[in-house]
There are 2 protein chains.
Amino acid sequence: MDKKAAIAALSALGQDTRLDVFRHLVTAGPEGVGAGDLAQVLNVRANTLSTHLSALARAGLIAAERDGRAIRYSAHYDGIRALFDFLLHDCCKGRPELCGPFASSRSPDITKAEQ
Amino acid sequence: MDKKAAIAALSALGQDTRLDVFRHLVTAGPEGVGAGDLAQVLNVRANTLSTHLSALARAGLIAAERDGRAIRYSAHYDGIRALFDFLLHDCCKGRPELCGPFASSRSPDITKAEQ
DNA sequence: TCCATAATTCGAGAAATATCGAATTATAAA
DNA sequence: TTTATAATTCGATATTTCTCGAATTATGGA
């Protein structure tokens with residue numbers, strides 16, 4: 001994950017409605033939730049939600065799949081993991097002991113120079 | 001960390017200049033870096049940087065300390081860890097196996113109902 | 001005290017974002 | 001084919017965010 005992608009993911013999550021969407025989808029699991037159901041549960045207009053869903057999808061945090069008339073959205077775990085890796089790699093660079101017990105379980109790739 | 005604080009932290013990191021600042025401070029370590037040096041290294045105007053620094057500090061991700069005429073900023077590891085905990089707790093809720101090897105090393109506190 | 005330096009605050013303008021109602025596209029059922 | 005449903009796209013507006021120059025505050029040294 002490069003810096004640009006990380007910014008997209010972080011800013012996607014840094015908004016009230018989108019964080020709600022994300023949390024709901026993570027809880028819902030791989031089966032996902034239809035956009036309409038999501039709009040009803042979160043009390044957001046369908047078109048507004050659509051904009052937010054597209055931002056989260058563009059950031060690689062959720063995935064969309066058509067299911068009849070509905071479109072099911074689900075958490076995209078590869079993208080989520082990529083964000084974690086980026087943060088861990090960055091946060092713990094040089095000071096792995098400071099980022100908690102999980103830091104040492106990852107091997108930061110120092111050689112990969114990103115921008 | 002509640003939802004509001006998480007949004008502040010995520011959106012603070014979801015911006016080009018601020019992510020640069022954050023990465024630089026994490027790399028710099030606990031001694032920190034003066035605001036002026038930071039402005040020079042990152043090629044940002046002092047007043048613009050000041051705005052970004054205050055956003056990161058408000059989010060609990062960095063700390064400020066006066067050192068003579070300068071003000072040294074440094075990564076605030078407690079705040080960083082809090083963000084990690086929030087993400088891990090949320091991402092892995094119900095599906096710990098999906099968020100990578102570090103997920104299981106944290107014990108999610110299911111009882112703490114936040115908004 | 002007076003001056004220089006470091007940083008922040010203020011006020012304004014430009015750009016990006018969030019939200020909405022209306023219109024459109026795509027699918028399914030009658 | 002016609003109608004209904006699900007979701008997105010479009011166009012507009014309100015709000016927020018980013019950036020800047022100028023002014024202000026705080027500290028240290030002459």
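To find a chain, count down the sequence lines: A is the first, B the second, and so on, and within it residues start at 1.
- Using a 4.0 Å heavy-atom cutoff across all strands shown, A:R45 reaches sugar-phosphate atoms only and no base atom.
- Crowding of B:D78 atom CG: a count of heavy atoms from other residues, nucleotides or ligands under 6.0 Å exceeding 12.
- When distances run from any side-chain atom of A:R66 to the nucleotides D:dT19, C:dT19, C:dT27, the shortest one goes to C:dT27.
- Contact annotation: B:Q15 reaches the phosphate of D:dT19 (side-chain N/O to OP1 or OP2, under 4.0 Å).
- The distance from atom CD1 of B:I71 to atom C1' of C:dA6 is 8 Å, rounded to the nearest whole Å.
- Each of C:dA7, C:dA18, D:dA7 was ranked by its minimum atom distance to the side chain of A:H52; first place goes to C:dA18.
- You'll find that the side chain of B:T17 is closest to D:dT19, out of D:dT19, D:dC18, D:dT27.
- D:dG29 atom C1' lies 7 Å from atom CZ of B:R69, rounded to whole Å.
- Close to C:dT8, at under 4.0 Å from its OP1 or OP2, lies a side-chain N or O of B:S50.
- When the P atom of D:dT16 is taken as reference, atom CZ of B:R58 falls 14 Å away, rounded to whole Å.
- Within the nucleic acid shown, B:A46 comes within 4.0 Å of at least one base atom, counting heavy atoms only.
- Here the P atom of nucleotide D:dT19 and the CG atom of B:N47 are 11 Å apart, to the nearest Å.
- Among the atoms of the strands shown, none is found under 4.0 Å from any heavy atom of A:R72.
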